[in-house]
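One structure is given below, encoded as structure tokens.
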4 protein chains.
Amino acid sequence: MKITDKKKAILDTALTLFVEQGFHATSTAAIARGAGVATGTLFHHFPSKEALMEYLFLNIKQEFADAIKSSMNPDDGLKANARNLWFSALEWAANNPVKQHFFQLYSLSPTIATELREQAMNSILGFITDLIKQGQAKAMIADYPIKLMQDNCHGQFLAATRYFSDNPDYWHIDSHKQASFKLFWHAIAS
Amino acid sequence: MKITDKKKAILDTALTLFVEQGFHATSTAAIARGAGVATGTLFHHFPSKEALMEYLFLNIKQEFADAIKSSMNPDDGLKANARNLWFSALEWAANNPVKQHFFQLYSLSPTIATELREQAMNSILGFITDLIKQGQAKAMIADYPIKLMQDNCHGQFLAATRYFSDNPDYWHIDSHKQASFKLFWHAIAS
Amino acid sequence: MKITDKKKAILDTALTLFVEQGFHATSTAAIARGAGVATGTLFHHFPSKEALMEYLFLNIKQEFADAIKSSMNPDDGLKANARNLWFSALEWAANNPVKQHFFQLYSLSPTIATELREQAMNSILGFITDLIKQGQAKAMIADYPIKLMQDNCHGQFLAATRYFSDNPDYWHIDSHKQASFKLFWHAIAS
Amino acid sequence: MKITDKKKAILDTALTLFVEQGFHATSTAAIARGAGVATGTLFHHFPSKEALMEYLFLNIKQEFADAIKSSMNPDDGLKANARNLWFSALEWAANNPVKQHFFQLYSLSPTIATELREQAMNSILGFITDLIKQGQAKAMIADYPIKLMQDNCHGQFLAATRYFSDNPDYWHIDSHKQASFKLFWHAIAS
DNA sequence: GATGAATGAGCTTTCATTCAT
DNA sequence: AATGAATGAAAGCTCATTCAT
């Protein structure tokens, strides 16, 4: 299914405006204006403003998942792959500042329906859950309830990227990246 | 200066509705109706809907800070006091489910102006920062940048209470509370 | 660019209501109702109630200017043309009672921003200023500061139409029209 | 009937604010605040905001009338007394800029009920009408309908003070005052 | 006389969405 | 597919006025 230029323009503008002004403060008229299309056009491609947001949310999550999944190396051990994931996630965030900001704003926001957030967590990012379970089976990761582990990982990742967003100079300094990974890993390692 | 009954009723209703429906989905008319006052009365006590939200935010943060601060014991060591704080924070959250939900929704939300969030973090919860610094001086806590430590602690606490909110049966089961504390402590301990 | 029927209806209704009830006493809802359109439609065509008023003001001034300008005759002398203008202005006022009333109410009112009133005076009615200057150059009109002359002419015209509005029977009686012109002309003739 | 300090403060503040911001843009709360009294106090002294405005209007008109009436000299002829009145009126306006501005804004405004404006014109400023009639009887003043003469005088006076308000440097320059009087007098002299 | 919390109808403006073209 | 004028419910907020103290 080829995305038309207009649909693409709407998505790009919506992403930017949702991040710059927030979902509620962004009118569909403003999105259409920014995208250079008529107000009605938006509703040809998306049944509602909410649906547009959901489309954005799932697509960006997927893009993120694809990006970091490719950093995993079957030859590496568990901790090495955890590091691979953590560093490639930080790199993706550094290279996609607007989408990273989008994550900060909406990953936990009630703007996104709870089911959708869970769906993203489970199906798109499910391979991370798998990894944790493997680590627990090998007694390399603390054997606490999987939901607790998921929430903790998610929370620490958002905290880390928030730190780097607030201090953009550190995105590419190794010591800061290492520090953030160590906090994360020490928490979950058993 | 005694807070009028009407003002109290407005605050209580606003807290409930902001949590149940979200800030934007809650109209000032609904707050007034719920509080049993006229729409004008809300604006007699608060210059705007935003100001009402800010008042709620700062007051609840302060109440939380006061509650957990009193759990600290000067005779206890650093780790013991960290545990005191963590457990009393969980207890406060368990006993104040609406306010805890309010934290989940608005602690990091752009609905609250950045400066206000920082003010809350620095002045109201500044004693936690002090504690981290003491731990770093004694080499008991990892010597990473203080902002990174703050963000990590905050992120882990929100993750933990999110876990318990999603699984309310566990609020009072010691093993779950211990698990959440261990994740937290292992992350930051050096 | 054709003015939509709805836009025209809004303008007509607004003119009538602003004159009948005053600007502040006229709600945008009442204008929309009177024009037979939805409240939103008004704001689709005009960004604000003030902008609607400004549009009306400038358009009516322009219409008035066009009407009286066409009464001038290059073959006539200065005084004859002054009389042409004065009588055609009275005629326009008699034939457009609502717009004439609008002038009475808003020509000097702070409801209209000062800059707008000056813009109307200078660009739309600038040809009158030119005429006064020609008369002064020919020593047929008193050589007082041009601003004083402008204000005096404007003031006398408003006074005259106020007189006729209060006594509508006189609009078409020549002696009254002549009297009003003589007061005007004797004031400014040198 | 002695005017209490609070009532005086309310009147002073209302005058200033009505002139600075306009009648509708001035809230009774703002008047009370500016006067240093409670909102309820205003309504102890005046039954409504309109009544406060009317009180101001009539009192200032009366003060103006008293001021210029005292400039008349029974020993002077008609034209001399007309000049006395005109110059003392300009002087009063120059010395009472706020009240003068109040005249500009409200003398013809629909904010003031028509009856009230006519009452002021007839009873407070009736001596001017008398003067015009005397002049007409002596054939010194053009014998046009008295209402036309009233309106013309009023219109010219407002035009003159508007000119001086816009060019405050000229208030005390004799040539400008003389010019404004000559325009006025030539209009009505027969 | 003075206070100021409380009122609630009313205001202007916004905006997601529709639909005839 | 694309347009943009039109919709109308709903929003946040104002404000003259009242009244118990």
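Letters A, B, ... are given to chains in the order of the sequence lines, protein chains preceding strands, and every chain is numbered from 1. This structure is a prediction, so every number in the text was calculated from the model and none was measured.
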Within the distance-only criterion (no hydrogens, no angle test), does the side chain of B:K61 pair as donor or acceptor with the backbone N or O of B:L125 below 3.5 angstrom?
no

Straight-line distance of C:L108 CG to D:S107 OG, nearest 0.5 Å:
11.0 Å

Whole-Å distance between E:dA2 P and D:K8 NZ?
15 Å

Which of residues 22-47 of chain B have a heavy atom under 4.0 Å from DNA chain E?
B:V37, B:A38, B:T39, B:G40, B:T41, B:H44, B:H45

Check A:L56 against A:F18 and note the closest heavy-atom contact, atom names and distance.
CD1-CD1, 3.8 Å

Is any NZ, NE, NH1 or NH2 atom of the basic residue among A:K8 and A:D12 found under 4.0 Å from an Asp or Glu carboxylate oxygen of the other?
yes

Here DNA chain F, pairs taken as Watson-Crick or G-U under 3.5 Å and shown with ( ), [ ] when crossing and | when to another strand, reads .||||||||||||||||||||

Just list the side-chain donor-acceptor pairs under 3.5 Å for residues 30-48 of chain B, sequence neighbours left out, or say none.
residue, atom, partner, partner atom, Å
B:T41, OG1, B:A38, O, 3.4
B:S48, OG, B:E50, N, 3.4
B:S48, OG, B:A51, N, 3.1

In Å, rounded to the nearest 0.5 Å, how long is the span from OH of C:Y55 to CD1 of C:I10?
11.0 Å

Atom pair distance, as rounded to whole Å: CG in A:L52 and P in E:dC15
16 Å

For D:K6 and E:dT3, is the shortest distance between a side-chain N/O and OP1 or OP2 below 4.0 Å?
yes

Any non-hydrogen side-chain atom of B:N96 less than 4.5 Å from a side-chain atom of B:F102?
no

Between CG of C:L17 and P of E:dC11 the distance, given in whole Å, is 12 Å

Quick one: D:I10 CD1 to E:dG4 P, roughly how many Å, whole number?
13 Å

Looking only at heavy atoms, what is the nearest atom pair of B:S109 and B:L105, with distance?
CB-O, 3.3 Å

Between NZ of B:K49 and C1' of F:dT14 the distance, given in whole Å, is 17 Å

